[in-house]
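Report on the structure given below.
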Number of protein chains: 2
Amino acid sequence: MSSGQFTSLILDAFLPYRLSIVSNKIRHALSNTYSKKFDLTPVEWRVLAVLGQKEEMSADEICRFTETDKVAISRAVSKLVRKKRISRKRSSSDRRRSILRLTKYGLSIYESIVPLVLQLEDNLVAGLSAGERRQFLELLGKIDRQVSSLKISPEF
Amino acid sequence: MSSGQFTSLILDAFLPYRLSIVSNKIRHALSNTYSKKFDLTPVEWRVLAVLGQKEEMSADEICRFTETDKVAISRAVSKLVRKKRISRKRSSSDRRRSILRLTKYGLSIYESIVPLVLQLEDNLVAGLSAGERRQFLELLGKIDRQVSSLKISPEF
DNA sequence: TGCAATTAGTTTCATATGAAACTAATATGG
DNA sequence: CCATATTAGTTTCATATGAAACTAATTGCA
């Protein structure tokens with residue numbers, strides 16, 4: 001039966017698919033550098049990474065900074081506290097809010113992982129010139145803003 | 001304490017992180033277009049998408065084509081068969097292998113979703129010129145090949 | 001020819017994740 | 001001042017996912 005009117009989806013040219021594939025590969029590669037060695041899940045690493053960059057943050061701030069679901073952050077924070085990698089203190093100005101910081105132990109884990117993930121990143125972009133790297137991040141930023149503006153108008 | 005010797009990780013400039021954020025946003029946006037409406041998970045959609053593009057494939061071929069874990073594909077295939085969206089027939093030349101195809105029902109679901117996801121893709125790249133789109137996919141392809149070559153050398 | 005290695009796909013078990021609902025605290029407006 | 005709405009974070013329940021082990025069939029080599 002002729003389907004001349006129907007446009008089949010060519011996955012290799014479908015941007016969301018391509019992005020997903022590459023992102024998954026990188027996530028696995030990243031996970032391989034720290035997951036077993038440091039007993040960390042990707043979201044836990046993300047929390048450590050944020051707290052390594054900023055001195056202290058609340059869970060809600062981490063959610064907004066990393067655009068990650070609050071339940072996932074909550075669970076990761078609880079595990080990191082239990083593993084004594086971060087500390088949690090109630091904010092005196094808003095007792096709903098907690099103040100999170102890396103412990104010395106957490107900081108040492110963070111400082112051990114950073115060179116590894118930076119090395120991985122270097123390997124990833126080894127085939128790109130410096131100009132191409134900048135270009136890629138710029139285009140990615142444009143797509144990021146587009147998808148964010150889509151989310152602002154929920155369809156329900 | 002001076003930490004002049006240590007390079008903190010700046011997440012906004014960290015490519016894997018940026019890719020992950022954008023990819024997650026897109027995955028959610030995509031999922032919103034078909035997940036509830038068509039009762040599909042992302043992996044199930046991926047299987048439909050591949051079978052919509054190719055007439056028939058084995059599970060193993062879908063795994064390799066989409067670079068997706070065989071357990072995930074196996075589970076998605078079983079659910080799609082149960083939902084009568086694809087059919088599964090044993091290969092006569094290799095009885096380990098199954099031949100998967102879209103059913104009429106599955107094809108109609110596929111044909112309903114494709115315009116939606118193509119529209120979403122159009123919206124995603126609305127801020128890019130045609131040249132920038134090509135450039136982005138080319139650079140993404142380079143990164144893809146780099147990360148694939150990393151995986152070829154497992155570290156254990 | 002026969003057996004070990006490999007392949008195609010499935011299942012088990014433990015953990016992660018998503019959606020929704022929850023608690024406690026604060027903000028806002030009448 | 002008080003009731004309602006909102007915010008920060010947690011918990012529950014169901015489903016998804018990851019890792020490992022499994023079964024059945026095929027391939028390759030001695």
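Note on naming: letters A, B, ... go to the chains in the order of the sequence lines (proteins, then strands), and numbering restarts at 1 for each one. Not measured: the values here are computed from a predicted model.
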Query raised in the report: Expressed in angstrom and rounded to an integer, what is the separation of E61(B) atom CD from dT7(C) atom C1'?
Result: 13 Å

**Report entry** R64(B) CZ to dG9(C) P, straight-line distance once rounded to whole Å
**Finding:** 9 Å

Requested in this report: Measure from the side-chain N and O atoms of R88(A) to the backbone N and O of S98(A), and report whether any donor-acceptor pair falls under 3.5 Å.
Outcome: no

Query - Any N/O donor-acceptor pair, R75(A) side-chain to dT12(D) base, under 3.5 Å - result: yes

**Report entry** Rounded distance in Å - CG (L100(A)) to C1' (dG9(D))
**Finding:** 11 Å

Requested in this report: Check the pair K142(B), E132(A) against salt bridge (Lys or Arg N to Asp or Glu O under 4.0 Å), reporting the backbone distance first and the verdict last.
Outcome: CA-CA 10 Å; K142(B) 285 187 175 183; E132(A) 287 177 325; 3.0 Å; yes

Query raised in the report: Over how many whole Å does the gap from K70(A) atom NZ to dA20(C) atom C1' extend?
Result: 10 Å

Requested in this report: Would you indicate what R90(B) reaches in the nucleic acid, counting non-hydrogen atoms under 4.0 angstrom: base, sugar-phosphate, or nothing?
Outcome: nothing

Report task. Tell me what V71(A) touches on the nucleic acid: a base, only sugar-phosphate, or nothing, going by heavy atoms under 4.0 Å. Result -> base

Query - Separation of atom CG in D69(A) from atom P in dG9(D), rounded to whole Å - result: 13 Å

Query raised in the report: Does a side-chain N or O from S98(B) land closer than 4.0 Å to OP1 or OP2 of dA8(C), or not?
Result: no

**Report entry** Interatomic distance where CG belongs to D94(B) and P belongs to dT7(C) [whole Å]
**Finding:** 12 Å

Query raised in the report: Quick one: which of dG18(D), dT10(C), dA16(C) gets closest to the side chain of T41(A)?
Result: dA16(C)

Query raised in the report: When you check the side-chain N and O atoms of R101(B) and S87(B), is any donor under 3.5 Å from an acceptor?
Result: no

Query raised in the report: Toward the 5' end of DNA chain D, which comes first, I73(A) or N32(A), by nearest nucleotide?
Result: I73(A)

Requested in this report: Could you check whether A72(B) gets within reach of a base, just the sugar-phosphate, or nothing at all, counting any heavy atom under 4.0 Å?
Outcome: nothing

Report summary line: Among dA25(D), dT26(C), dA16(C), the one nearest any side-chain atom of R95(A) is dT26(C)

Query - Residues S20(A) and R46(B): side-chain donor-acceptor under 3.5 angstrom - result: yes

Query raised in the report: Are any of K79(B)'s side-chain N or O atoms less than 4.0 Å away from OP1 or OP2 of dT15(D)?
Result: no

**Report entry** Given DNA chain C, 5'-ward residue of the pair S78(B) and V43(A), judged by closest heavy atom
**Finding:** S78(B)

Report summary line: Whole-Å distance, K83(B) NZ to dT15(D) C1', equals 12 Å

Query raised in the report: Looking just at side-chain N and O atoms, do S8(A) and Y110(B) make a donor-acceptor pair shorter than 3.5 Å?
Result: yes

Report task. May I have the distance from R97(A) (atom CZ) to dA27(C) (atom P), rounded to whole angstrom? Result -> 10 Å

**Report entry** R96(A) (side chain) and dA8(D) (base): donor-acceptor pair under 3.5 Å
**Finding:** no

Requested in this report: Map K36(B) and S93(A) onto DNA chain C by nearest heavy atom, then report which one ends up closer to the 5' terminus.
Outcome: K36(B)

